[in-house]
Amino acid sequence: MIGGSGLYALLDDAAEFTVDTPYGPPSDPITIAEVGDRAVAFLPRHGRDHRHPPHRIPYRANLWALRSIGVRQVLAPCAVGGLRPELGPGTFVIPDQLIDRTSGRTQTYYDEGAVHVSFADPYCPVGRETVREAAARHGVAAEPTGTMVVVEGPRFSTRAESRWFTSIGGTVVNMTGHPEAVLARELALCYTAIALVTDLDAGVEGDHGVTQEEVFRVFGENTARLRGLLLDAVAALPGDRACPCGSALDGIKLPFALP
């Protein structure tokens with residue numbers, strides 16, 4: 001699990017591990033604990049003290065570190081802005097699509113050779129269904145589909161940008177979902193985003209403008225709900241992967257061996 005803003009710790013009685021990667025250290029040491037009958041790793045993407053802004057998160061190191069310790073399925077909760085009036089604070093969305101509006105971020109491991117990975121469906125279908133079922137068991141209303149627009153940040157959107165994101169089919173807007181999702185695909189990992197709406201984005205209605213205080217407050221108010229959903233979902237993920245994610249690199253000649 002990769003935790004977002006406001007979710008800096010998740011597992012009880014966890015052991016802490018420092019992992020090195022060819023891309024430098026990850027955002028923080030990784031904690032590992034047992035959840036049900038499986039080992040679960042947790043990594044706060046911003047660092048536990050929120051020292052990494054979204055455009056400076058070591059995304060490549062984070063995903064590489066998780067794979068190198070044996071992770072094959074990733075649940076990725078994140079804070080998002082709602083781009084539709086009915087998606088107010090406290091709503092959960094399980095995205096099935098992504099629009100990348102970032103710039104300047106390194107978004108691949110493959111800087112040599114012709115390595116073109118399919119990304120038509122960015123999120124794991126089995127992971128998404130598992131999260132949907134976990135939300136239902138917890139009585140948590142969750143939109144089962146949606147398009148996440150990922151912006152560079154760290155600033156929030158203008159009203160015009162927000163209205164444009166809605167016009168091109170965006171459901172929610174976020175700053176960290178890319179390149180995280182595509183890097184997971186390049187490592188043949190299952191990746192499932194779980195988006196918690198903390199605010200209505202600037203152009204959705206009225207004179208509302210997003211503030212950092214609002215985002216952190218709403219995320220904090222929903223941390224217990226999110227934690228219960230996550231722990232339920234991770235325990236319910238299948239042990240054997242039958243989704244397309246694990247075979248994403250089949251037939252492709254890679255320039256290096258995967259960890």
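Computed from a predicted structure; not experimentally measured.
Two residues are said to be in side-chain contact when any heavy atoms from C-beta on lie closer than 4.5 Å; Leu98 and Asp100 meet this criterion. At least one side-chain heavy atom of Leu237 sits less than 4.5 Å from a side-chain heavy atom of Leu75. With a 4.5 Å cut-off on side-chain heavy atoms, Asp121 and Gln97 count as touching. With a 4.5 Å cut-off on side-chain heavy atoms, Cys243 and Pro238 do not count as touching. At least one side-chain heavy atom of Pro29 sits under 4.5 Å from a side-chain heavy atom of Arg48. Between Gln73 and Cys124, every side-chain heavy-atom pair lies at or beyond the 4.5 Å cut-off. Asp28 has its side chain within reach of Arg51: a pair of non-hydrogen atoms, C-beta onward, lies under 4.5 Å apart. Side-chain atoms of Phe156 and Asp199, non-hydrogen and from C-beta on, never get closer than 4.5 Å to each other.
A donor-acceptor pair is defined here as one N or O able to donate and one able to accept, closer than 3.5 Å; such a pair exists between the side chain of Ser68 and the backbone of Ala65. Thr166 contributes a side-chain N or O that, together with a main-chain N or O of Leu83, makes up a donor-acceptor pair within less than 3.5 Å. Not one N or O on the side chain of Arg67 forms a donor-acceptor pair closer than 3.5 Å with the backbone of Arg72. Side-chain atoms of Arg185 come within 3.5 Å of backbone N or O of Pro122 as a donor-acceptor pair. In this structure, the side chain of Asn62 engages the main chain of Ser27 through a donor-acceptor pair within 3.5 Å. Under a 3.5 Å cut-off, the side chain of Asn174 and the backbone N or O of Ala79 do form a donor-acceptor pair. Checking side-chain atoms of Arg225 against main-chain N and O of His138 turns up no donor-acceptor pair under 3.5 Å. Under a 3.5 Å cut-off, the side chain of Glu186 and the backbone N or O of Thr108 do not form any donor-acceptor pair.
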List the steps, then state whether side chain to side chain contact (heavy atoms under 4.5 Å, CB included) holds for Phe17 with Ile69.
CA-CA 10 Å; Phe17 296 88; Ile69 63 171; over 6 Å; no
Please step through side chain to side chain contact (heavy atoms under 4.5 Å, CB included) for the pair Thr176 and His46, ending with a clear verdict.
CA-CA 10 Å; Thr176 59; His46 294 280; 3.9 Å; yes
Mind running side chain to side chain contact (heavy atoms under 4.5 Å, CB included) on Val131 and Phe92 for me, showing each step along the way?
CA-CA 11 Å; Val131 171; Phe92 285 90; over 6 Å; no
Carefully, step by step, assess Val173 and Glu161 under the rule side chain to side chain contact (heavy atoms under 4.5 Å, CB included).
CA-CA 11 Å; Val173 61; Glu161 289 169 334; over 6 Å; no
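Of all heavy-atom pairs between Arg45 and Ala76, the closest is NH2-CB, 3.6 Å. Scanning all heavy atoms of the two residues, the minimum distance from Leu249 to Leu254 falls at CD1-CD1, 3.9 Å. Scanning both residues, Gly127 and Thr192, for their nearest heavy atoms gives CA-OG1, 3.3 Å. Residue Tyr110 comes nearest to Leu258 through the heavy atom pair OH-CD2, 3.9 Å, listed as atom of the first residue, atom of the second, then distance. The shortest heavy-atom contact between Gly24 and Ala61 is O-CB, 3.4 Å. Across Lys253 and Val115, no two heavy atoms sit closer than the pair O-CG2, 3.7 Å.
Atom CD1 in Ile194 sits 10.5 Å away from atom CG in Leu196 (nearest 0.5 Å). In this structure, Thr147 OG1 and Ile168 CD1 are separated by 9.0 Å, a value rounded to the nearest 0.5 Å. Arg155 contributes atom CZ, which lies 8.5 Å from atom CE of Met175 (distance to the nearest 0.5 angstrom). To the nearest 0.5 Å, the span separating CG on Leu63 from OH on Tyr191 amounts to 7.5 Å. Residue Thr171 holds its OG1 atom at 13.0 Å from CZ of Phe165, rounded to the nearest 0.5 Å. How far CG of Leu43 is from CD1 of Ile30: 5.5 Å, rounded to the nearest 0.5 Å.
Classification of the Tyr23-Trp64 ring pair by plane angle, with boundaries at 30° and 60°, yields perpendicular.
Counting non-hydrogen atoms of neighbouring residues, nucleotides and ligands closer than 6.0 angstrom, the CG atom of Asp250 exceeds 12 such neighbours. For Arg101, the CZ atom is loosely surrounded, since the number of other residues' heavy atoms within 6.0 Å does not exceed 12. The number of heavy-atom neighbours closer than 6.0 Å to CZ of Arg137, taken from other residues, nucleotides and ligands shown, is above 12. Within a 6.0 Å sphere centred on CD of Glu112, heavy atoms belonging to other residues, nucleotides or ligands number 12 at most.
Only one option out of Arg132, Arg84, Arg128 pairs with Glu143 in a salt bridge (charged side-chain N to carboxylate O under 4.0 Å, His left out); it is Arg84. Of the residues listed (Glu180, Arg105, Gln107, His178), the one engaging Tyr59 in a side-chain hydrogen bond (donor to acceptor under 3.5 Å, both in side chains) is Arg105, and it is the only one.
Two different hydrophobic clusters hold Val126 and Leu230 under the rule that ILVMFWY side chains link at heavy-atom gaps under 4.5 Å.
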